[in-house]
Amino acid sequence: MTQDALVIFTPSGKRGRFALGTPVLTAARQLGVDLDSVCGGRGICSKCQITPGYGEFPKHGLTVSAGALSEWNAVEARYKSIRGLAEGRRLGCQARVMGDVVIDVPPESQVHKQVIRKSATMRDIVMDPATRAVYVDVAEPDMHEPSGDFERLSQALRDQWQMTDVEADLAILRRLQPALRQGDWKVTVAVHQGHLDARPRILDIWPGFHEGGLYGLAIDLGSTTIAAHLCDLRDGSVLASGGVMNPQIRFGEDLMSRVSYAMMNPGGDVEMTRAVREAIDALIGSIAAEAGIGPAAIYEIVFVCNPVMHHLLLGIDPVELGQAPFALATSGSLSLDARDLDLTQVNRAARVYVLPCIAGHVGADCAAVALSEQPDKSKEMVLIVDVGTNAELLLGNETRVLACSSPTGPAFEGAQISSGQRAAPGAIERVEIDAVTKEPRFRVIGSDLWSDEPGFAESVGKTGVTGICGSGIIEAVAEMRVAGLVDAKGLIGSPEQTGTARAIPEGRTHAYLLHDGSADGGPVIKVTQTDIRAIQLAKSALYAGARLLMDEMGVDRVDRVVLAGAFGAHISPKHAMVLGMIPDAALDHVTSAGNAAGTGARIALCNKSARAAIEHTVQRIHKVETAIEPRFQEHFVNANAIPHATDPFPELGKIVSLPDVSFNTGGGGGSSDATRRRRRA
């Protein structure tokens, strides 16, 4: 009988084997998982709440049985009866490992809270919202010309605002007569008229002139994070922004893992739909509270999301997206009621608009990027890369636009990296390595100082140095390549080959020691050979997708590269090019668009004409399917080299000299060409 079990924590991706009976909190601490606890494991503080996942997890090769954790105990029962415990939650200090298990650490149980970097990007938007407030003067009832109050309100809206065939539900009709008489036959009405709606719809009514605001939400529902912007529908200003981790991570870090979960577990799609809707509803409530806005003042929501998230948000089983021909249930835009999505933290009559999807693996988020960045209006050949767990790419100009998606996986987010973590205070986000001494210096989230600057230790006193996030691991690997610590194949050299004791043995390979905090009880942060392989796989998928689009377009280079997405905004263009994440281009032509999908969602929220425009545009974007294109694999293999096995990088060669080193895998003092350097051309 097996005496230990595999424990996998999400969203960190950290895993290890533990003896049966080990408390989940103990396992988390031994793996360096960010799980809070202040009561010493007595079940008092509730900080260590976790959510176990059960069923089939094909990506991990696990079947998690109902008995994977110990039975509910008296301490948990007492805590739930006194303070309450959400359905499915356990206390990490009380639950013990009894079998292979996947355990999610929710945001509120993490000491170092995730920094959701999807802030609103400044943008001038022409205001033409679908939802607006109008003031009308309604004729009084006349016994000689009998008509209902609603009919006379409709006539007033037609005469004064050119709104025809207005409709209202029973809740509005119940409030209509008191409002008209209290307002002396003058009322303000909130009316929604989207371009998809045949008739204007009254959402709310107030007696007299009502000066209260009407607000809307632009929500970017991503695989890893959910970001929302609360906007004033009068002027488009962003009153508050916020984000949370997508709780579906516990069912699978990437999209295909979630599709597999739905395939392997009956009702799995319903479970994931419920989880994401509850997270969205809670996020709306927290953002509204931050802005001092009551939920009743939120009248509209615009969603952008990839196809799998699109289906799971709508409650549609995504199983067809897991197999060719990757058919969507619907690719068109949608206009529906917020209550259809079980959203309660908005006005009861609030409306939802979901942007159209481009194709089976290129979704409404990519459509939003196209709306924001408008590649179809560019005279230059522009490549737009929305970097995330599932990267989406657009390539084109005013003559033609192509799109594809690439399964980069969660490595760019810091997951599946030995010392990786999500972006949170204490995480290393910037790295530099001296090419001569091989010594590193770094910056962490929450401090403006580099690690070798006076006052650094004090500046990170509260958080410490806890791990390395996505932008940090990209810079670390690229800097290792430039410093001659890693060769073109991605192999880390030995101490003798690299000339530094920071190249430490790790099994049959080597790792690079970035930071040793063990003297103060902190973590040892290193970049391992496995970490580099994970980054190589992710960047190869990204580059192969770009090359596939370039092949289809018949071009060998691009004029501009735009890095979109929250993660794209924090990538150093130079380091991205050293890695070979993106095609060679002049660095001053590589720019960040910030959260372009979120910007596109805000444009659609504030301008209904933009909705019609993007619906027309997506019909002219040609989708290239990477999953069935033979050349994708060829490009993927060549892109494994750093920066690339065959493609030249002349622009990069003008600013960076890459050492021509080659390390064997035998460790020790194998031969090295580390003294020879060349400039790539």
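- Checked by atom type and distance alone, the side chain of His622 never pairs as donor or acceptor with a backbone atom of Leu402 at under 3.5 Å.
- For the residue pair Glu392/Ser405, the side-chain donor-acceptor check at 3.5 Å is not satisfied.
- In summary, the side chains of Ser335 and Arg351 do present a donor paired with an acceptor at a separation below 3.5 Å, with no hydrogens or angles considered.
- Checked against the 6.0 Å centroid threshold, Tyr353 and His195 count as a close aromatic pair.
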List the steps and the verdict of side chain to side chain donor-acceptor pair (under 3.5 Å) for Arg152 and Gln155.
-> CA-CA 5 Å; Arg152 280 179 281 103; Gln155 182 65 47; over 6 Å; no

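- Between the side chains of Arg89 and Thr51, at least one donor-acceptor pair of N or O atoms lies under 3.5 Å.
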Steps toward side chain to side chain contact (heavy atoms under 4.5 Å, CB included) verdict (Leu217, Leu230) | CA-CA 5 Å; Leu217 285 156; Leu230 179 64; 3.9 Å; yes

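- Counted by atom type alone, Gln49 and Ser109 present zero donor-acceptor pairs between their side chains at under 3.5 Å.
- Taking 4.0 Å as the cut-off between side-chain N and carboxylate O, Arg560 and Glu380 count as a salt-bridged pair.
- Looking at Asp337, Asp204, Asp169 one by one, the single match for salt bridge (charged side-chain N to carboxylate O under 4.0 Å, His left out) with Arg348 turns out to be Asp169.
- A salt bridge links Glu167 and Arg199; the closest N-O separation between the charged side-chain nitrogens and carboxylate oxygens is under 4.0 Å.
- In summary, Glu625 and Lys623 engage in a salt bridge, as defined by a charged side-chain N under 4.0 Å from a carboxylate O.
- By the 30° and 60° cut-offs, the orientation of the rings of Phe326 relative to His361 is tilted.
- Side chains of Asp128 and Ser609: a donor on one and an acceptor on the other come within 3.5 Å.
- Ion pairing of Arg181 with Asp149 is present here, as a side-chain N (NZ or NE/NH1/NH2) and a carboxylate O approach within less than 4.0 Å.
- A donor-acceptor contact closer than 3.5 angstrom links the side chains of Asp104 and Thr10.
- Between Ser223 and Asp254, the side chains place no donor N or O within less than 3.5 Å of an acceptor N or O (distance only, hydrogens not considered).
- One finds no salt bridge joining Arg620 and Glu615 here, because no Lys/Arg side-chain nitrogen approaches an Asp/Glu carboxylate oxygen to under 4.0 Å.
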